[in-house]
Structures are given as C-alpha cells and as structure tokens.
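Following: one structure in structure tokens, then a few remarks.
Proteins get letters first, then strands, A, B, ... in listed order; numbering begins at 1 in each.
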Amino acid sequence: MSHSNESLLLIDGHSLAYRAFHALPVENFSTSTGQTTNAIYGFISMLINVLRDEEPSHVAVAFDLGRQTFRLEEYPEYKAGRAKTPPEFHPQIDLIKDIVTAMGIRVVTKEGFEADDALATMARMGTEAGAVVEVMSGDKDSFQLATDKVTILYPKRGVSDLNRMTPAAVEEKYGVSPANYRGLAALVGEKADNLPGVPGVGDKTAAKWLTAHGDLPGVLENAESIGGKVGEKLRDHITEVERNYRLNRLLDDVDLGLEFDDLAWGAGDPTELSSLFDQLEFQALGKRLAAIFPEAGTESEPAPTRETSIETVDIDALLTKISDHDVLALDSDATFELGHGQARTLAVSAEPGQAWVVDLAEAGQKDIGKLGSALGGHSLILHSSKLQIKAWESMGLSVADIAGDTALAAYLLVPDARSYELGQIAADRAGIDLSEPESDSGQLALDLDSDAAVTTHGQRAAALLEVHEVLAKAVDDANMTQVYRDIELPLVPVLARMESTGIAVDEAGLTNLIDEFTKQAEASAQEAYDAIGHEVNLGSPKQLQTVLFDELDMPKTKRTKTGYTTDAEALAELFVKTEHPFLQHLLAYRDSTKLKQTVVGLLKTVADDGRIHTTYQQTVAATGRLSSLDPNLQNIPVRTESGRRIRDIFIADPEVTDGTLLTADYSQIEMRIMAHLSGDAALIQAFKDGEDLHSYVGSKVFGVGIDEVDSEMRSKVKAMSYGLVYGLSAYGLSRQLAIGVDEAKGLMDQYFERFGAVKDYLDDIVEQARANGFTETIMGRRRYLPALHSDRRQLRDMAERAALNAPIQGSAADIMKIAMLKVADRLKDLHSPMLLQVHDEIIVDVRPDEINEVKAIVTEEMGSAFELDVPLDVNVGTGRSWHAAAH
DNA sequence: CCGTTAGCCA
DNA sequence: ACGTGGCTAACGGG
Ligand SMILES: Nc1ccn([C@H]2C[C@H](O)[C@@H](COP(=O)(O)OP(=O)(O)OP(=O)(O)O)O2)c(=O)n1
Ligand SMILES: [Mg+2]
Ligand SMILES: [Mn+2]
C-alpha cells in the first residue's frame with residue numbers, strides 16, 4: 001500500500017482551544033441558552049482555515065485525558081501554579097470533540113498521556129507511512145518533532161496566523177536543531193509547565209552551549225568547564241535540568257489503538273454538524289465550513305408546506321393499512337373532564353405527511369377492541385399522550401405503551417417554556433405549519449364540525465413522525481434519552497391510571513366542613529366589622545388598606561406594586577404594634593375563608609363516582625417535578641388542626657371492606673440528595689447513622705434536646721433549612737423566624753459551618769451552570785438558565801438561586817419518578833392501586849389482605865430507586881384516611 | 001379577561 | 001432585593 005500523496009494534519013486540541021479561549025472575550029461568545037462558545041468558535045474557525053489551506057487527506061485532533069500523567073507521577077509540581085482553568089472552558093472541549101467528530105475527523109485521547117505524546121506517536125506513524133505531516137500545536141515542546149517530513153504549525157499570537165516551523169525555521173529562531181530543542185528548553189525552563197531551568201540562562205546561552213558540546217548530555221558532562229556565574233548556576237541546577245529533559249521528551253510510542261489509515265478524513269455527519277452549529281448559533285462559521293464541506297448545510301431550512309394526504313377510512317381498512325408499518329403517529333380530539341373522557345376523531349399516520357382518519361363514535365366496540373390489540377404491536381408516537389390515552393380508554397380503546405410524546409420531548413429540551421403546543425413545536429423544530437384553516441364565518445373551525453376535526457387531527461398526526469424525529473434527536477444530543485425513554489414515557493400510563501382511578505372522599509364530611517368553616521368565617525367577619533364600626537370587603541386588599549392606613553392610621557407595611565401589603569405576616573406585626581382587635585379577627589377570617597374555599601373547590605370536583613380525579617402535569621415544573629391541577633391535590637392543608645380535618649376526608653375506597661390508605665414519604669429527601677451531591681462528610685455520616693437532620697437543627701435553633709423537638713418545631717426548621725440551602729438571606733431568615741438580622745446571620749453562619757462542603761458545592765453548581773448554560777440532575781435532566789449571564793442584577797440573582805435548587809429538587813423528582821415506576825410495576829397484579837403523588841410521597845389504596853405486601857413493596861422500591869452515598873429512608877403509615885395514615 | 005395579592009403545599 | 005417549585009381564588013381595572 002502506498003501513501004505517497006498523502007498528508008497528515010495533527011492538531012493539539014487542548015492547547016489550541018485554550019489559546020482561543022483566552023484570545024476571544026467570553027462575554028461576546030455565548031448562546032441564547034447561556035452556553036459559552038468562545039473556545040469552540042476560535043478553535044473551529046482555526047480548524048476550518050487550516051483544513052482549507054492544507055487540504056490534508058488524514059486528520060486527527062488529540063486531547064489530554066485525565067490529570068494523571070507519567071510526568072505528574074515523576075514530578076508532582078508539573079504544571080502546578082497555573083491559574084485555575086475557568087469553569088467555562090472544559091464544557092467547551094466536549095462540544096469541540098462533538099463537532100470535530102461530526103466533521104469526519106478522528107478525535108484521539110489516551111489516559112495518562114498528554115495530547116503532545118499522541119501527536120508525536122501519530123507523527124511517527126505518518127512518517128513511516130510515507131505521508132507529509134503537519135503538527136498544529138500551541139505547545140513549543142512540539143518543535144522537537146520537526147523533520148524534513150514533519151512541519152510544526154505554531155500559532156503566532158491569538159489564533160489567526162500560523163508560523164510554519166520547519167527544521168530550518170527552528171534552527172533560525174533558536175539557533176539549535178529540532179533534536180536539540182529539548183535540551184534548550186530543559187536549560188531555559190518552561191514557566192507554563194512549572195519547570196524552572198537554570199537561572200540567568202536564556203535561548204542564546206543555551207544554544208551556545210548545545211552547539212559547543214553537541215547535545216544536552218554533552219553540556220552536562222562538560223558542566224565543570226563552563227566558566228562564569230552562569231556556569232556556576234548550571235552546576236547548581238543540574239538535577240532540575242535533567243528532570244526537565246526527561247519530562248519534555250514527547251513519547252512517540254504510545255499505544256493509541258489505531259493505525260494510520262484510521263486517521264483518513266471521513267465524510268462525518270453533516271446533519272449532526274448542522275444541528276450542532278444551530279445549537280451553538282454559529283452562522284457565519286457554518287457558511288465558511290460549507291465551502292470546504294459542502295454537505296453541511298448552514299441552516300435547517302423550514303420544510304416547504306407540502307400537501308398532506310388525509311383519508312377517511314373505517315377501522316377494518318385502517319387495520320389493513322397499518323399492518324406493515326412499525327411506527328405510527330396518532331392524534332385525536334381527546335377530552336377528559338370530571339372522570340369522563342371522549343375522543344371521536346382519531347388520526348393515524350404511518351409516514352410523514354400522510355394520515356388516515358377513523359370515527360370512533362361510529363365504530364363498534366368490537367372493532368375498537370381489534371384496533372386496540374393491533375396498536376399494541378406498533379410503536380406509538382403521540383402529543384400529550386396522557387390525555388390521549390385516557391380519552392381513548394373511555395372509548396374502549398386501550399393503549400399500554402407510548403414510544404414517543406412530542407410534548408414530553410420538547411419539555412425535556414426546554415423545561416421552562418410557556419407552552420408545548422404541537423403547532424408551535426412543529427413550526428419551531430420542523431418548519432411545519434399547522435395553523436388552523438379559517439371557516440367561512442371567519443372564526444376558527446371547531447372540532448364539532450367533523451370535517452374540520454378530520455383535517456385538524458389528520459394534519460397533526462401527519463406532522464408527528466417528523467416532529468418527533470427532530471425532537472428525539474435533540475433529546476439524544478442533550479444526553480437525555482434515558483430520562484425520556486426510561487422515565488418520562490413509561491410514567492405516562494402510570495399517571496393516567498392514577499388519574500382515572502381517583503381518590504374517594506367523604507362527601508358528607510366535606511359538606512359539614514363547609515358549614516363549619518362558613519360559620520367561623522361569618523363570625524370572624526362580624527367581629528371584625530364591630531371592631532371598626534362598619535362593614536368592609538375583607539377579601540379586598542385595597543379596601544383593607546383604606547381601613548388600616550387611613551382610618552386606623554397604622555404604620556405602613558412593606559410595599560407591593562399597588563400599595564401596602566396586608567398579608568398575614570404583616571398583619572401579625574401590626575397586631576404586635578397596635579394590639580387592634582380588628583387585625584386578629586381579620587386573620588381569623590382569612591384562615592376560615594381559606595379553608596372553606598379549599599373545601600368548596602374540592603367538592604366541586606367530585607365526580608359521579610364519588611371520587612376526585614386530579615390531573616398531573618408532566619410538562620410544567622421546570623425542575624422535573626410533577627404538578628397537580630383541577631383540583632390540585634398537592635397542596636391539601638396539613639399544618640393546622642383544621643387543615644388536617646380536610647385531609648381526613650380523603651379516604652380508602654368505600655366499596656372495599658376495611659380498605660386502608662397507605663402513605664409513604666421519603667425522609668428528608670432533598671437533604672439526603674444535598675449530602676450525596678456535596679459529599680459533605682458530616683452530613684453523609686449523619687444520614688448513615690440514621691439521624692434526623694431537621695430535628696437536630698431544631699434542637700440547636702430552639703435550644704432543646706433532639707427528642708423535645710415537636711412536629712411543629714421540626715416543620716419550621718425544615719422550611720428554614722431548605723430556605724438556607726436554596727439561597728435565603730440573613731434578612732429573609734430574620735423575617736421568617738421573626739428575629740433580628742444579626743441573630744439570623746449568626747444562625748446562618750453556624751449552619752454552613754456545620755456543613756462546610758454544602759456551601760462549596762452550592763457555589764460550584766452556580767459556576768458550572770454559568771459555564772454550561774444549564775444545571776443537571778442525577779439522571780441528566782437539564783434546566784437551562786441563560787439569565788445567569790444577564791446584566792440585570794435581579795434576573796441574574798434569581799437565576800442563581802434557581803440554579804442552586806434545580807439539580808436537587810430535580811434529582812428528588814427523578815428518584816420519585818423512578819420509584820413510582822418500580823412500585824407501579826410490582827402493584828400490577830395486586831388490588832391496591834396507587835392514587836396520588838405529592839412530590840416525595842405516594843398514597844396507595846390498599847386492600848386489607850395486601851397490606852403487608854404493599855408496605856414491603858413501597859419501602860423496598862422507594863428505598864432502592866437510586867443509590868446515593870446515603871441511604872434513602874421512607875416513612876410509611878396506614879389508616880382509614882390520608883390524615884390517619886400519616887399519623 | 002388578566003394581572004395582582006394572598007395563601008396552601010412539597 | 002434579599003429560598004425554589006407549584007395551583008387556586010378573589011378582586012378590580014380594562
Ligand atoms: N419549605 C419547603 C418544604 C419542602 N421542600 C422540598 C424539600 C423536601 O425534601 C421536599 C419534600 O418535602 P417534605 O415535607 O416531605 O420534607 P422532607 O422530605 O425534607 O422531610 P420529612 O422527613 O419530614 O419528610 O420538598 C422545600 O423545598 N421547601
Ligand atoms: Mg413530603
Ligand atoms: Mn419527605
């Protein structure tokens with residue numbers, strides 16, 4: 001095999017990216033999501049230029065891997081004393097590797113060696129294969145590699161101009177041959193590597209000695225004969241020089257596990273490359289690249305609106321048509337309210353731009369059943385799949401598995417977006433226009449109009465495959481495929497089942513509570529009126545301000561946008577100052593009306609099966625938590641006695657004799673995650689010893705024994721602890737605990753002193769987030785925080801606090817979701833359905849004969865959902881009601 | 001109808 | 001301006 005016309009370009013990725021990083025201002029290079037791109041831009045720009053100019057047949061980019069090199073082992077101070085690499089740098093290296101790979105260029109790394117050693121090895125391989133070799137490196141040590149076959153391309157300043165260092169050029173610049181360059185560097189020393197040489201010896205002197213004595217060993221042998229002060233210095237520093245000489249030799253025999261032919265410049269992955277450039281918002285660079293790399297388009301052009309083929313068919317025909325397709329996209333006019341779902345127009349697409357539509361309302365149950373079985377053999381792509389499958393289930397169409405959900409995928413990519421409507425996603429991500437056609441009357445066509453429904457859902461289904469492909473690719477690029485496929489998608493049917501099951505309530509109990517709370521509210525209102533001598537709308541903060549600050553002349557409270565606050569905290573403070581009875585009655589009125597409103601709200605949502613069916617939102621909370629609405633069952637009162645009476649009306653299925661509710665709540669969940677992520681030794685040990693941190697901190701704060709911390713105190717301390725780790729200020733703490741700012745400051749200092757690594761970890765999260773543009777949970781779920789780079793202080797501070805919280809709250813959400821999947825799986829063949837999730841708690845309706853088994857399942861599966869450096873502990877209780885179970 | 005205020009939960 | 005993440009209800013200006 002002959003390689004006579006071949007040329008090999010070898011690049012030191014690390015040193016050049018590092019130069020680019022310092023040459024280009026960070027502030028000018030960041031994307032809208034906050035990803036810093038200066039090193040990427042500078043490096044890729046330089047790479048494109050050199051590829052254009054040199055037109056190599058073979059290319060490789062080498063990166064350092066790991067810190068431990070043989071050099072560091074010999075000399076622990078190697079490269080010590082360097083300014084710490086800014087956190088914005090390393091994440092860019094990973095992206096550079098991705099781009100380089102997508103350009104068809106081999107990325108080479110080798111554990112324990114520096115990029116330079118890999119370059120030296122490949123240069124030797126290239127020479128032996130008969131190729132012309134060029135080595136681009138920002139490290140002068142590479143000069144030793146120059147031969148008549150190997151040229152070093154050394155960037156002058158910044159990253160734009162390259163010096164071509166041939167043997168002659170090295171000779172001219174340093175007065176020594178490339179072979180002697182090592183000796184020269186050893187004598188002079190290399191500050192960047194923390195390798196001091198002989199003091200007072202520069203390039204000139206070193207070159208003179210090397211020329212006189214042939215090479216460095218020659219110089220050292222003849223050290224005695226060198227006169228003057230410098231000669232003396234040389235003799236004093238022989239050990240250092242010898243060490244430098246050993247360390248600056250580049251190894252050309254590293255086992256890289258590749259051959260010369262593996263370095264051939266390949267076709268790469270133009271689609272991936274475009275997507276990376278889009279992601280990094282490199283436009284001009286994309287065009288420059290296109291000149292030498294024609295396949296890589298610069299923009300993902302919106303697809304031209306093409307005709308969609310929509311065909312109305314009956315179920316039999318549909319079954320025939322879908323039979324030879326694996327993947328199907330479906331959409332329908334699904335609705336679900338108060339425990340009842342409906343879907344009439346169902347569209348099925350097997351190829352982009354095409355859909356068949358069936359009318360489920362006209363189909364017989366038998367056909368629908370056949371369709372359900374048939375769909376079980378396909379991978380199904382949906383949008384907002386939970387709503388869809390619930391509605392279909394109501395129509396007798398059962399779907400057990402979801403292979404893709406465009407809303408969920410879009411959520412993972414941008415978890416704090418305002419909405420994930422298919423029309424918006426399709427337009428943004430795939431350039432597909434799904435805007436509704438207007439009817440004659442000029443109004444948007446309604447789904448009732450069945451022709452319009454056919455078109456609408458036909459088009460949506462026809463777009464789904466394409467939209468999903470783009471989203472799934474982006475999810476994969478962000479390393480979130482596991483979160484997507486192993487957590488979010490399988491969770492959909494689990495949540496759907498929980499919602500459809502609902503939780504039983506004691507309706508009579510609810511009505512009684514309303515009566516009671518209404519009477520209390522009326523009494524308090526009357527007393528409040530009596531205290532000021534007239535009636536006023538106690539629910540109107542505006543009218544209250546008139547009473548408090550104009551009529552009663554009370555001191556002004558904290559400002560709000562529209563006036564002065566009348567919140568409970570402010571009213572309590574005013575009461576301390578004025579002791580005016582109106583305030584007490586107003587506070588009591590607020591309490592009673594709030595409780596009453598809560599119960600009224602719940603009663604309104606009781607379905608005709610006597611149960612409440614909440615809806616879990618899987619794409620709302622930016623951290624990865626679920627939320628619950630219509631009604632929200634994640635904020636049922638618990639902190640006051642009256643509140644717990646509301647919890648008491650959530651009961652086990654009354655149709656099951658002696659049924660029991662079981663609640664399982666993770667113990668101190670986010671504190672455990674904090675211990676794990678921060679690695680704080682004291683915190684980890686505390687959890688391993690089974691300590692209760694909230695009680696421990698409570699005992700310190702209230703100055704009592706751990707066992708004397710009652711549940712009310714513990715609950716206060718819980719709020720304080722989480723407040724502190726998530727960015728509560730001394731001022732905020734002083735208000736929360738109604739103490740002085742100084743006292744609050746003292747508590748804060750004590751807290752963070754006790755858990756030292758926590759503070760460091762929190763600082764680190766923010767720094768990492770600033771560099772990466774996002775935070776990450778233990779499962780790799782991301783939250784992008786571009787506001788970390790905002791020049792508006794308030795926005796920036798808010799983003800910093802969100803960055804503190806997101807990895808921890810989000811990791812807790814990951815763990816709970818995994819636990820739910822495992823619990824649901826093991827409850828599958830039992831008769832004890834999971835009903836609710838309250839962030840770190842699940843509620844199960846247990847059939848009496850299954851109680852021990854369910855307890856064991858929940859404890860095991862929640863406890864083993866994810867292995868942290870601390871144990872996961874779960875508090876489990878049972879009882880006739882939610883309240884009783886939690887006791 | 002929507003922004004604001006208040007208050008409930010994790 | 002000074003824990004984060006949610007949802008609901010009432011008020012009142014438009
Ligand atoms: N004021 C609060 C209360 C809770 N949480 C978060 C952190 C908690 O870990 C999680 C679950 O709330 P819990 O009330 O269950 O609190 P813990 O799990 O920490 O404590 P416990 O052992 O009482 O369950 O919600 C929070 O951020 N701020
Ligand atoms: Mg809890
Ligand atoms: Mn808990």
Side-chain angles (χ1 to χ4, degrees), chain A residues 415-416 536-545 557-571 586-587 589-602 604-605 614-617 619-640 642-644 646-647 665-666 668-670 715 718-736 741 744-745 748 751 762 775 783 785 792-810 812-813 816 836-842 882:
Chain A
D416 54 4
V536 60
N537 185 344
L538 297 173
S540 165
K542 201 170 172 248
Q543 295 185 37
L544 287 175
Q545 285 174 52
T557 54
K558 242 176 89 173
R559 275 217 66 106
T560 64
K561 280 191 181 126
T562 55
Y564 299 92
T565 186
T566 66
D567 67 18
E569 189 192 322
L571 295 182
L586 174 57
L587 283 166
Y589 169 83
R590 286 243 180 99
D591 282 349
S592 306
T593 44
K594 177 72 184 176
L595 291 163
K596 178 190 144 199
Q597 277 166 19
T598 304
V599 182
V600 169
L602 286 174
K604 272 190 226 162
T605 65
T614 186
T615 304
Y616 289 103
Q617 298 296 108
T619 60
V620 167
T623 52
R625 273 189 177 184
L626 299 177
S627 74
S628 154
L629 58 77
D630 211 19
N632 182 358
L633 295 185
Q634 290 178 324
N635 72 340
I636 302 304
V638 71
R639 284 174 200 169
T640 65
S642 308
R644 288 189 284 271
I646 299 181
R647 236 166 229 240
D665 185 307
Y666 278 113
Q668 315 165 70
I669 183 66
E670 289 180 30
S715 158
K718 202 195 276 187
M720 179 192 111
S721 274
Y722 287 118
L724 284 178
V725 297
Y726 296 140
L728 188 70
S729 63
Y731 170 84
L733 183 61
S734 76
R735 297 201 61 99
Q736 194 184 85
V741 177
K745 180 85 176 55
M748 247 178 109
Y751 190 90
L762 292 169
T775 61
R783 176 168 186 187
L785 292 163
R792 288 166 61 183
R793 166 84 176 271
Q794 193 184 346
L795 294 184
R796 203 174 56 239
D797 287 353
M798 284 171 64
E800 285 186 6
R801 293 191 302 264
L804 297 182
N805 176 262
I808 298 164
Q809 187 184 117
M816 183 45 123
L836 303 179
Q837 186 254 38
V838 190
H839 307 302
D840 77 331
E841 173 186 13
I842 57 176
W882 190 358

Between C1' on C:dG6 and CD on A:Glu841, what's the gap in Å once rounded to a whole number? 16 Å
Nucleotide C:dG6, atom P - distance to CG of A:Leu633 in whole Å: 18 Å
Donor-acceptor contact present, side-chain A:Arg647 to main-chain A:Ile636, <3.5 Å: yes
May I ask you to check whether over 12 heavy atoms, not counting those of A:Arg559, lie within 6.0 Å of atom CZ? yes
Distance-only, no hydrogens or angles: does the A:Gln543 side chain make a donor-acceptor pair with backbone N or O of A:Val536 under 3.5 Å? no
Check the distance between B:dG7's C1' and A:Asp567's CG and give it to me in whole angstrom. 9 Å
Closest to side chain of A:Gln809, choosing from C:dG5, B:dT5, C:dG3: C:dG5
Can you measure A:Leu586 atom CG to B:dG7 atom C1' for me and round it to whole angstrom units? 13 Å
Looking across every strand, which nucleic acid part, if any, lies under 4.0 Å from A:Arg590 by heavy atom: base, sugar-phosphate, or nothing? sugar-phosphate
Closest to the side chain of A:Ala622, out of C:dC11, B:dG7, C:dG5, is C:dG5
Per A:Asp630 side chain, nearest of listed nucleotides C:dT4, B:dC8, C:dT8: C:dT8
Among the nucleotides B:dA6, C:dG3, B:dC8, whichever has the atom closest to the side chain of A:Thr565 is B:dA6
Please evaluate the base of B:dA10 for a donor-acceptor partner in the side chain of A:Arg625 within a cut-off of under 3.5 Å? yes
Considering only C:dT4, B:dA6, C:dG6, which nucleotide approaches the side chain of A:Tyr726 most closely? C:dT4
With a 4.0 Å cut-off on heavy atoms, is A:Val638 in touch with a base, just the backbone sugar-phosphate, or nothing at all? sugar-phosphate
If you look at every strand shown and take non-hydrogen atoms under 4.0 Å, does A:Ala806 touch a base, only sugar-phosphate, or nothing? nothing
Between A:Ala802 and A:Gln597, name the one whose nearest nucleotide on DNA chain C is closer to the 5' end. A:Ala802
Show your reasoning for whether side chain to side chain contact (heavy atoms under 4.5 Å, CB included) applies to A:Asn805 and A:Arg801. CA-CA 6 Å; A:Asn805 176 262; A:Arg801 293 191 302 264; over 6 Å; no
Closest listed nucleotide, where the reference is the side chain of A:Asp591 and the choices are B:dC8, C:dC11, B:dT5: B:dC8
Students often get this wrong, so: under 4.0 angstrom with heavy atoms, is A:Val725 touching a base, only sugar-phosphate, or nothing? nothing
Picking from C:dA1, C:dG3, B:dC9, the nucleotide nearest the side-chain atoms of A:Arg639 would be B:dC9
Phosphate OP1/OP2 of C:dG12 contacted by A:Ser540 side-chain N/O (<4.0 Å): yes
Taking the side chain of A:Ser627 as its heavy atoms from C-beta onward, which of C:dG6, C:dG5, C:dT4 lies nearest to it? C:dG6
Indicate, with a heavy-atom threshold strictly under 4.0 Å, whether A:Thr566 touches base, sugar-phosphate, or nothing. sugar-phosphate
Is there a donor on the side chain of A:Asn635 or the base of B:dC8 sitting less than 3.5 Å from an acceptor on the other? yes
Return yes if some donor-acceptor pair links the side-chain N/O of A:Ser627 with the main-chain N/O of A:Ala621 below 3.5 Å, else return no. no
Take the protein atom NZ of A:Lys558 and the nucleotide atom C1' of B:dA6, then report the distance between them rounded to whole Å. 13 Å
Quick one: which of C:dG12, B:dA10, B:dC8 gets closest to the side chain of A:Pro637? B:dC8
Closest approach of A:Met816 and A:Asp840, non-hydrogen atoms and distance? CE-C, 3.2 Å
Return whichever of A:Arg793 or A:Met798 has its heavy-atom-nearest nucleotide of DNA chain C closer to the 5' end. A:Arg793
Atom pair distance, as rounded to whole Å: CD in A:Gln617 and C1' in C:dT8: 14 Å
Options B:dA10, C:dG12, C:dG5, nucleotide nearest the side-chain atoms of A:Ala621: C:dG5
Classify the nucleic acid contact of A:Glu670 as base, sugar-phosphate or nothing, counting any heavy atom under 4.0 Å across all strands shown. nothing
